[in-house]
Amino acid sequence: MAEILAAEERRQAGSLELIASENFVSPAVLEALGSVLTNKYSEGRPGARFYGGNQHIDTLERLCERRALELFGLLPAGEGEEPQWGVNVQPYSGSPANFAVYTALLRPHDRIMGLDLPDGGHLSHGYATPKRRVSATSIYFESMPYRVDPQTGLIDYDDLERLALVFRPRLLIAGASAYPRDWDYGRMRRIADSCGAYLMADMAHISGLVAAGEAKSPFEHCDVVTSTTHKSLRGPRSGIIFYRSHLKDAIDNAVFPALQGGPHNNNIGALAVALKEANSEAFRNYAKAVKANAKALASSLLDYGYTLSSNGTDNHIVLWDLRPLNLTGSKLEKLLERMHVTANRNTIPGDRNAVAPRGLRLGTPALTTRGLREDDFRWIATLLDEAVQLACEIQGERQGMKLVDFVAAMDQEPYASQLEGMRQRVLDKLSGFPMMHKQ
Ligand SMILES: *Cc1c(COP(=O)(O)O)cnc(C)c1O
């Protein structure tokens, strides 16, 4: 086990981490995650537990809740004022948080509309293929996706409105895992109202940007807002649900006892740490840099003549459309891995085959934490350009080349040496950026 841990630490330190959903937490967050808080059972709510010995866990969970509300500006303005929002910090992660919301607000087979997975949505918003109900959300509820305009890469709100009036969902979801632009929550509220639906935002990817005021806040227009806490928010792997006060009992009861047992108190402790870190000038500057870096990366790739979904970015994501290169995301992902650049193949709007997606998703939160700035991201664009050239060279005229054959070819000369040289340049670059950040 010690060897595995050391190897993973070396991998993280020695790779350019461009996976948009990942980040590096602070030593303080790690310390709380690995603490004795993990030993305690505390089923129930603060002050109303099913086990003894929870006096300190009660204080912890209340602290975490207060910090969450404070960070997103949801604490009542004045003494004695009724709170508009409440929060539940017990969900184990983003997907369970979403399922808790569905359990709270819907009856089995009620209808849900979320962004389609191939268009950038998340599995937990109800993904199904013509042959298979893939997500439990589509097993227990009826889901109909909305999509982005394949030409512009932007949410097609007109089409969404048309579909919503026919399908009449009980729940409409705003949120994505691979969408480089911001949301029109006001428009979605009006669409939800037109068919009597709840509006939920799943800000899993962008919650760090929202906290810092670098992305639009969904709270004005939504009934419920869910998030993961380990992406741009830079906390432990966990989930969180914000709800309008009148939904408190429904949401709390859905999390426990309907779906979960004892909360993971070490994660709640680590989340309390991360929420405090995020409520700082340093974090707000970090979030600004995340966006500036993504813009620098996007404009450099565009300068090289490449195609990006929606032609750029307003957040931390760059969605690279590889179709004009006749290259699959899988091949490029494998080649990048060989040179210690970590990114993931991703569908792009128009892709209907999730097995051979023709895009690559890039994100800036992790490397921004490590201290890389715009010039460094322009350097990364140069490296990515070389990587793509090499991938096209290896593939040659064989566009249908199987992935195993492509990988085997990477091990042959001259490609193996070229990749080794690129890997060395990545390591040299990263030696200037230590892993551990103070906050
Ligand atoms: C990552 C993500 C989730 C799920 O998070 P897990 O913690 O992996 O379950 C849910 N919704 C969106 C939009 C996401 O990007």
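What's counted below: heavy atoms across the whole structure, side chains too, no hydrogens, waters or symmetry copies.
- Figure legend: K429 and W379 shown as a cation-pi pair, the cationic atom lying under 6.0 angstrom from the six-membered ring centre and within 45 degrees of its axis.
- No donor-acceptor pair under 3.5 Å is formed between the side chain of D116 and the backbone N or O of P145.
- Between K331 and D405, no side-chain nitrogen of the basic residue sits less than 4.0 Å from a carboxylate oxygen of the acidic one, so the salt-bridge criterion is not met.
- Exactly one residue among V224, L247, I173 makes a side chain to side chain contact (heavy atoms under 4.5 Å, CB included) with V101. That residue is V224.
- Annotation: the span from S15 atom OG to R10 atom CZ amounts to 11.5 Å, rounded to 0.5 Å.
- The aromatic rings of W183 and Y185 lie parallel to each other, their planes meeting at an angle below 30°, with 60° marking the opposite boundary.
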Q: Go through the steps for E277 and V29 under the test side chain to side chain contact (heavy atoms under 4.5 Å, CB included), then give the verdict.
A: CA-CA 9 Å; E277 290 177 354; V29 168; 3.9 Å; yes

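- Centroid-to-centroid, the aromatic rings of Y92 and H264 come within less than 6.0 Å.
- A salt bridge links D159 with R162: the closest approach of a Lys/Arg side-chain nitrogen to an acidic carboxylate oxygen falls below 4.0 angstrom.
- Judged by distance alone, the side chains of D321 and S309 never bring a donor and an acceptor atom under 3.5 Å apart.
- In K295, the NZ atom is crowded: over 12 heavy atoms of neighbouring residues, nucleotides or ligands sit closer than 6.0 Å.
- Of the possible polar contacts, none joining the Q389 side chain to the A391 backbone as a donor-acceptor pair under 3.5 Å is found.
- In this structure, W320 has its ring center under 6.0 Å from that of Y306.
- For the 3.5 Å distance criterion, the side chains of H125 and D202 qualify, holding a donor opposite an acceptor.
- The main-chain N or O of P365 is found under 3.5 Å from a side-chain atom of T369 such that the two form a donor-acceptor pair.
- Between the T229 side chain and the G235 main chain, no donor and acceptor come within less than 3.5 Å of each other.
- One finds the OG1 atom of T38 at 8.0 Å from the CG atom of N265 (value rounded to the nearest 0.5 Å).
- S35 and N266 are not linked by any side-chain donor-acceptor pair at a separation below 3.5 angstrom, with hydrogens and angles left out of the test.
- A donor-acceptor contact under 3.5 angstrom links the side chains of T382 and Y304, judged on distance only.
- Between the side chain of R373 and the main chain of T368, a donor-acceptor pair closer than 3.5 Å is present.
- Taking the six-membered ring where tryptophan is involved, the planes of F219 and F72 are tilted, since the angle between them lies from 30° to 60°.
- Under a 3.5 Å cut-off, the side chain of N293 and the backbone N or O of V290 do not form any donor-acceptor pair.
- Salt-bridge formation is detected for the pair D375/R378: a Lys NZ or Arg NE/NH1/NH2 atom is positioned less than 4.0 Å from an Asp or Glu carboxylate oxygen.
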**Q.** Test side chain to side chain contact (heavy atoms under 4.5 Å, CB included) applied to V225 and Y243, step by step
**A.** CA-CA 6 Å; V225 177; Y243 48 79; over 6 Å; no

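- Checking side-chain atoms of E337 against main-chain N and O of V341 turns up no donor-acceptor pair under 3.5 Å.
- No more than 12 heavy atoms of other residues, nucleotides or ligands sit less than 6.0 Å from atom CD of E3.
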**Q.** salt bridge (Lys or Arg N to Asp or Glu O under 4.0 Å) between E333 and R361, intermediate numbers included
**A.** CA-CA 10 Å; E333 180 192 295; R361 188 183 67 165; over 6 Å; no

Q. Going through the distances and angles, do E70 and R67 end up as a salt bridge (Lys or Arg N to Asp or Glu O under 4.0 Å)?
A. CA-CA 5 Å; E70 192 171 28; R67 285 182 177 176; over 6 Å; no

Q: Before giving the answer on side chain to side chain contact (heavy atoms under 4.5 Å, CB included), spell out for V87 and I241 the whole-Å C-alpha distance, their side-chain angles and the decisive distance to 0.1 Å.
A: CA-CA 6 Å; V87 65; I241 305 171; over 6 Å; no

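- No donor-acceptor distance shorter than 3.5 angstrom exists from the side chain of N279 to the backbone of K276, with no hydrogens or angles considered.
- Considering CD1 of I394 and CG of L327, their distance stands at 9.5 Å, rounded to 0.5 Å.
- Judged by distance alone, the side chains of T328 and R358 never bring a donor and an acceptor atom under 3.5 Å apart.
- Remark: D156 CG to E161 CD distance equals 10.5 Å, nearest 0.5 Å.
- Between D193 and R189, at least one side-chain N (NZ, or NE/NH1/NH2) sits under 4.0 Å from a carboxylate O, which counts as a salt bridge.
- Neither side chain, T137 nor Y102, offers a donor N or O lying under 3.5 Å from an acceptor on the other.
- Annotation for I317 and A178: closest pair CD1-CA, 4.1 Å, computed over non-hydrogen atoms.
- Paired with D314 under the rule salt bridge (charged side-chain N to carboxylate O under 4.0 Å, His left out), one option of K291, R181, K216 passes, and it is R181.
- Between R187 and D158 there is a salt bridge, with a side-chain nitrogen of the basic residue lying less than 4.0 Å from a carboxylate oxygen of the acidic one.
- Salt bridge present: E214 and K288 bring a charged side-chain N and a carboxylate O closer than 4.0 Å.
- For OH of Y286, the number of neighbouring non-hydrogen atoms (other residues, nucleotides, ligands) closer than 6.0 Å is greater than 12.
- Counted within 6.0 Å of CZ on R323, heavy atoms from surrounding residues, nucleotides or ligands total more than 12; the atom is thus considered enclosed.
- Side-chain contact between L301 and L308: present, with at least one pair of heavy atoms (C-beta onward) separated by less than 4.5 Å.
- Screening L362, L360, I348 for a side chain to side chain contact (heavy atoms under 4.5 Å, CB included) involving L319 leaves a single residue, I348.
- Q84 CD: 12 or fewer foreign heavy atoms inside a 6.0 Å radius.
- In summary, R11 and E8 engage in a salt bridge, as defined by a charged side-chain N under 4.0 Å from a carboxylate O.
- Between R244 and D223 there is no salt bridge, since no side-chain N of the basic residue sits under 4.0 Å from a carboxylate O of the acidic one.
- Side-chain N/O atoms of S238 and N267 include no donor and acceptor closer than 3.5 Å.
- Within the cation-pi definition used here (under 6.0 Å to the ring centroid, within 45° of the axis), R111 qualifies as a partner of F167.
- Using a distance-only test at 3.5 Å, with no hydrogens or angles considered, no donor-acceptor pair links the side chain of R423 to the main chain of H340.
- For E61 and Q90, the side-chain atoms include at least one donor-acceptor pair closer than 3.5 Å.
- For the atom pair CE of M410 and OH of Y415, the computed distance is 12.0 Å after rounding to the nearest 0.5 Å.
- Within the model, atoms CG of L63 and CD1 of I268 stand 11.5 Å from one another, a figure rounded to the nearest 0.5 Å.
- Looking only at distances, a side-chain donor or acceptor of T228 sits under 3.5 Å from a matching main-chain atom of A204.
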